[in-house]
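One structure is given here, and the rest of the page talks about it.
In what follows, every heavy atom counts, from backbone to side chain, and hydrogens, waters and symmetry copies are set aside. Here is the naming used below: chain letters follow the sequence lines, and residue numbers restart at 1 for every chain.
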Amino acid sequence: MGTTQLLFWLLSALSIFSAMMVLISKNPVHSVLWLVLVFFTISGHYILLNAQFLFIVNLIVYAGAIMVLFLFVIMLMNLNKDAEPQKSIWMKLAGAISGGSLLLIFVSVVRSASEMQSKQALLKTGNIGLIDQLGKTLFSEYVIPFEISSVLFLSAMVGAVAIGKKH
Amino acid sequence: MALTNRSVAIDRSPMTFVESLYLPSIFKGMGITFSHIFKKKPTINYPEQTRPFSPVFRGLHVLNRDEEGRENCTACGLCAVACPAEAITMEAAERLPGEENLYREEKYAAKYEINMLRCIFCGLCEEACPKDAIYLSETFAPANFARKGFIYGKDDLLIPNKNTEPEAYAKAKGLNQ
Amino acid sequence: MYLVPLFPLLGAIISGLFRNQLSKTAAGIIASGAIAASFVVSFLLFFQVKSGGAIAVTPLFTFIKTSAFTIDFAFQVDQLSALFLLIITGIGFLIHLYSTAYMHEEEPHHFARYFSYLNLFVFSMLLLVMGANYVIMFIGWEGVGLCSYLLIGYWFKNTNYTAAAKKAFIMNRIGDMGFLLAVFYILQKVGSANYATVFAFDGFSSTDVTTICILLFVGAMGKSAQLPLYTWLPDAMAGPTPVSALIHAATMVTAGIYMIARSNVLYSASEIAQHLVAIVGLATALFSATIALKQNDIKKVLAYSTVSQLGYMFLGLGVGAYTGAVFHVMTHAFFKALLFLGAGSVIHAMHHEQDIRNMGGLKKHLPITHITFLLGCIAIAGVPPFSGFFSKDEILAAAYAHNPIYWGLGVAGAAMTAFYMFRLYATTFLGSFRGTQQQLSHLHESPISMTLPLMVLALLSVVGGFLNVPEVLHGNAALHHFLSPVLTSESKHSLSHSTEYILMGSSVAIATLALIFAINKFSKNPELGEATGLGKTLANKWYVDEAYDAAIVKPLNSVSLLFKNFVEKGIDGLVNGSGKLVQYSSRQVRLVQNGQVGSYILYMVLSMVILFLLWWNQPILTKFIQKIF
Amino acid sequence: MIVLAFDFALFLEKLILIAVVIFGSLGVALYTTFAERKVAAILQDRRGPNRAGPFGLLQPFADGLKLVFKEEIIPNTSNKTLFIMGPGLAMTAALMTSAVLPWGNKVELFDRTIALQIADVNIGMLYVFAVVSMGVYGIMIGGWASNNKFSLMAALRGASQAISYELAMGLSLIALVMVTGSLSLKTIVEQQMLPGHLWNIAYQPLGFLLFLVCAFAECNRTPFDLPEAENELNFGYHQEYSSMKLGFYLFAEYVNMFISSAIMATIYFGGYDIPFLDESKISPNIAAILGIGALMTKIIIFIFVFMWVRWTIPRFRYDQLMNLGWKKMVPLALANMLLTGAIILWLQGK
Amino acid sequence: MPIQYYIALAVILFSIGVVGVLTRRNAIIIFMCIELMLNATNLLLVAFSKMHHGAALAADAATKVGVEGQLFVFFVMVVAAAEVSVGLAIIVMMYRNVHSVDINFLNRLKN
């Protein structure tokens, strides 16, 4: 077991633990911070997979922008009280059971996918995750989706402003 | 109604683009501050350096002695009467035989207190004293931790004896500076 | 090449979007300038085509792409479309210029709206003419229909006008249906809509060609107001007069002619279709000429005259004289635009009075309008050497070669044309003024921007005919030679010169007689009382509108009423019953839909789990699916 | 037993380097506080601290000691964990950037060539950007955990200010990257060292100006120090903090200032490049030391500029700040980017 | 690293997200759980991208197989950012109207 494997297990355990904490935390702000930690660990996985660009973009976009936005909203709404509405215990149980059975199903599907048994994900090497490779592909073959997504983004911004405006 | 001719009409027109970049005015301001690096500093390293007092400065009180080192004060109370802040209190005592080298007159102040928190350093006590016993020196009242410390007793006020402690006397007079 | 339609489109967009900001002057300048620019480019294109002679197809981008066929957004400029481009942009420009003065009383934003529509119309018309395939032509076709609708209903506050607009729109839709079917047919058969491909295609059976031609002709009947779909055109006079001049006389209504001339290869291959075209054209020409005899509204007369002249054009097309038809389109565009604009000038002077019974003696008040109008009337009446003579004569000669009866009826129509035009002229301009005193005092000649187009058009009406002086008159038939690469299947009539002279002479003589009779009858004491007998029938347009009403609209209404009752009683009960059942059951099921997102997601996840489980055990899933279906 | 398969010497070397860089940054930050007071004094014709040690050089230690020995107050109603986490996060984010900065070329010690850079990642610039965007958390968490309206408002102000100016900063950096063609800070420095190649400031003057302004805003320095506006918002997001936690916040600000000066020196002013000197002619170790000296000089000049500006320009109003950020900086940065791209294309075409 | 590990990790994270959506009533937390699910899928996409790349790398050293997977992640991030901006605006509006972010308050479409 090399360093990489060790890191993989560490990051996986940490990400699952923090994801659980996102659910368990009563305080929304804590949830946000745990989720940030999840994003960090997933970014760590990206580094292990040598997807440098996605690593950094994940940090900038998710941890740096989206979660800050969440924090903003939660803090402005003053939702730090623990008086958050709770579902009835039965609903919670039903939710947990159905989510768990979904997980079971997934796992069994994955286990039965026999051609996946021998496949390996390339770690640390492979240069497709580097920014110049991605950039060349993005701006040659995927220019139009890129532009369309920018239009989408712009319209989302305008929409957010329009919705959020006080009447 | 114009009280002075210094009034200037405020220009409330909206800023042009160049102005709203703030850059020219920022550079101007930075030039001004930079030029201050080379200006002479008006501050001094105080305890090491001091500035000369003005001739009419009135500082802490001093109780005087005569040429032979005897206290001048006779506890007549005129200073206390003259004091507008009522900062001075005293108790008189009669000179006992054998104390002639200590007190000039046959009556002296056994206790002499000035509350420096009340004193306004007007100098009226000095004016009122018939015996030239009290003077206002050129020193400050130093800081203190308690109010009590500001009630100066006779030990604090009395000038050191010229004959027995010449160094302290000189220091009190400010002669060594 | 794409500049030609681009300018009007830009003009339309600018004056349409900024109609609240633009001043009247600015809107006028932008719109007219756009057309002028487009005219200049068309002019250059024309000479390019004239010198080069080659047919240029310019694909801009792929418009529709399916596995079966590809349709490019392509423009084709050849001799035919170059000529039409000139007509459209040239007359369009004059009419824009005219409109700046004519519409000057409108509010600025309505004014700009008007010009936006007008520019949009020119754009669509150019698209129609320049398209390199039937689909692009259809886009333009629909575009002009839309603009026509918008412009007829321009004064939308008047419900009659909007009704007229709707009528025009619906009538056109009937024709468009035919056109669309023809396009589908072509696409299905040929797999392409490009003119070049379609005309070169040799896999048509004669039935195919006939069907396509007849379907196309149905489209042309709608757009070009032929029997029986003509009734919208007179009603379309509700729009502003320049619009009538541009759309309902000079350009849009000739779209049908253009289409058939464009498809001449197909038509020449189908004798039935040709006969149909000729007969419908001739019938329309005569029928509407008779109606025009008794109309009293200055614009109505011109409108029926237009229908009649369009009939002539179709006659020309039907007998294979494609050049003649196109030539007549051109000359007709000149003099009919002139007449409409002249009528507009009169209406303008008379403060929106349109009834000729209340006019008369306008000669001395409106000198320029009078002279130009007179020239227009002479031109349409077919007096040599005015333009109408040459074009009409060419059609008539071809008709004679085809069938002398056609010629005879055609000459009768020409005589009626001369009669009603001069009836109109005489009652309007000659005699004494019959309007109110107030109108008299305000009579004035129109401003220069209105009279200038009149004069230009008058000049064109006078000399326009010399473009195609036939060989028999020692001309060189320039237009004929120019168009020959496109109109490949033109049938040459083989009449001897003497026959042609006789034909010309007789038709001119008859027309002149009718003309003189009309002037005599109407110049001094026109009988303008209520018509009786046949006259009344004519004045009421052969009761066609009423007949349509009785034959189609009323039965349709009553049948609809019947169905409504039946549906309400019978079927509704059934439907309501099942509806109630559904309501009841859904009231029970609705309890599941409690509006709480959480439970929905729960259902979703659970169903996913179940689906996965079923997928796991595929036999059960298969059985389940089989049971459902 | 797990055998960790890596080069222990390299590990040790990096560990030492990290320690040096971090303590170096802290040391510089420590003296920056002193310098700030001194510069303020000089610009205001005063003398500044001069009692502790010769010329007052021990003043920062005295301040530090004071902060450490002050009474530690954690408000009762605050969120304890986050309250403690806030300053730590701020400090961490401030220090993390130094990982990708090339502090010098390489030195040769004990038969090893040691690069004076903790990690030469080829996305260094983006890394800087990512870490800067993390800095918001320290402020927000601290402000929110204090459970005080003023702190919260100041924290939100600070966060939105940071986010707003990050945008213009990123855009001006993109223009720079278009010039350099690389995101690695090491490569950028080496490019500027090439003969015949000027410092990037010559190619990106407007970009530099924009970056400078954004750096001011990101470091919460005057004129953009609204998050800690003493008079309006009672000292800002760290109002409830005392003792060394407050010290951490204040310190993080100075570390930030140091790091951003270092970044500016690196990407716009040639990093450890000494102008008019051919480094290849002298021994690498001396060259490295001289290079570090050059970098430090540039950094110190920038830090001085930071202070100089602070004691010149008054604080912006909040709307002015946002207007400047969104209506001036972002369009200007975009225009700069566009212009740069156009010129590059034009030059390529020639 | 066997791809199965990555699949398992992503599936677990995804399921945690699902459970979160099912058990919480706070709209913001639900939103965050959706982000978590998106991230789980992103991770899986990157892992698959590297899997294909590794397979293709043996044949051709300069291959770019798998780059699409990472680009897709990039697009997912863009869409997620857009979604969050609009979604949070909606939540803020909701909070302004009903002073709660409980999704059970939103059980009807009117008002």
Worksheet item: With respect to chain E, which residue among A:Leu48, A:Val38, A:Val61, A:Leu69 yields the maximal number of heavy-atom pairs within a distance under 4.5 Å?
Response: A:Leu69

Discussion item. Any heavy-atom pair between the side chains of E:Glu35 and E:Glu83 that's under 4.5 Å?
Written reply: yes

Practice prompt. Under 4.5 Å, counting heavy-atom pairs only, tell me which of E:Val86, E:Val84, E:Val67 racks up the most with chain A.
Written response: E:Val67

Discussion item. Does atom CZ (E:Phe75) have a neighbourhood of more than 12 heavy atoms from anything else shown, all under 6.0 Å?
Written reply: yes

Response to the item:
Honestly, the part of A:Leu35 sitting under 4.5 Å from a heavy atom of chain E is side chain

Discussion item. Heavy-atom pairs under 4.5 Å with chain E: which of A:Phe106, A:Phe72, A:Phe70 has the most?
Written reply: A:Phe70

Worksheet entry | Residue E:Ala8 versus chain A: region with a heavy atom under 4.5 Å | neither

Practice prompt. Measure distances from E:Phe74 to the heavy atoms of chain A and classify the residue's part below 4.5 Å as side chain, backbone, both or neither.
Written response: both

Name each donor-acceptor pair under 3.5 Å that joins a side chain in residues 52-59 of chain E to protein atoms two or more places apart or in another chain, with its distance.
residue : atom : partner : partner atom : Å
E:His53 : ND1  : E:Val65 : O            : 3.0

Worksheet, complete the sentence: Given E:Val79, E:Val11, E:Val18, E:Ile91, the one with more heavy-atom pairs under 4.5 angstrom with chain A than any other is E:Val11

Discussion item. Report which part of E:Ile12 has an atom under 4.5 Å of a heavy atom belonging to chain A: side chain, backbone, both, or neither.
Written reply: both

Item to complete: Could you check which of A:Ile16, A:Leu102, A:Val22 has the highest count of heavy-atom pairs closer than 4.5 Å to chain E?
Response: A:Ile16

Worksheet item: Between E:Ala47, E:Gly87, E:Ala89, E:Gly17, which has the largest tally of heavy atom pairs under 4.5 Å with chain A?
Response: E:Ala89

Fill in: Selection from A:Leu93, A:Leu134, A:Thr4, A:Val57 maximising heavy-atom pairs under 4.5 Å formed with chain E
A:Leu134

Fill in: Per-residue contact mode, E:Ile16 against chain A (heavy atom under 4.5 angstrom)
both

Item to complete: Using non-hydrogen atoms and a 4.5 Å limit, figure out which bit of E:Leu9 sits close to chain A: side chain, backbone, both or neither.
Response: side chain

Item to complete: Check whether A:Ala65 gets within reach of chain E through its side chain, its backbone, both or neither, counting any heavy atom under 4.5 Å.
Response: neither

Practice prompt. With rounding to the nearest 0.5 Å, note down the distance linking OH in E:Tyr6 to OG in A:Ser12.
Written response: 7.0 Å

Discussion item. Within the 4.5 Å heavy-atom criterion, are E:Met32 and A:Ser31 side-chain neighbours or not?
Written reply: yes

Discussion item. Using a 3.5 Å distance criterion without hydrogens, assess whether the side chain of E:Tyr95 forms a donor-acceptor pair with backbone atoms of A:Met77.
Written reply: yes

Could you give the side-chain donor-acceptor pairs of residues 146-161 of chain A under 3.5 Å, partners two or more places apart or in another chain?
residue  : atom : partner  : partner atom : Å
A:Ser149 : OG   : A:Pro145 : O            : 3.2
A:Ser149 : OG   : A:Phe146 : O            : 2.6
A:Ser150 : OG   : A:Glu147 : O            : 2.4
A:Ser155 : OG   : A:Val151 : O            : 3.0
A:Ser155 : OG   : A:Leu152 : O            : 2.7

Worksheet item: Rounded to the nearest 0.5 Å, what separation is found between the CD1 atom of A:Ile66 and the CG atom of E:Asn39?
Response: 8.5 Å

Worksheet item: What distance do E:Met51 atom CE and E:Ile7 atom CD1 have between them, rounded to the nearest 0.5 Å?
Response: 7.5 Å

Worksheet entry | Residue selection (most heavy-atom pairs with chain E, distance under 4.5 Å) from A:Val32, A:Ile24, A:Val107, A:Ile97 | A:Val32

Practice prompt. State, with a plain yes or no, whether a side-chain heavy atom of E:Leu38 is found less than 4.5 Å away from one of A:Tyr62.
Written response: yes

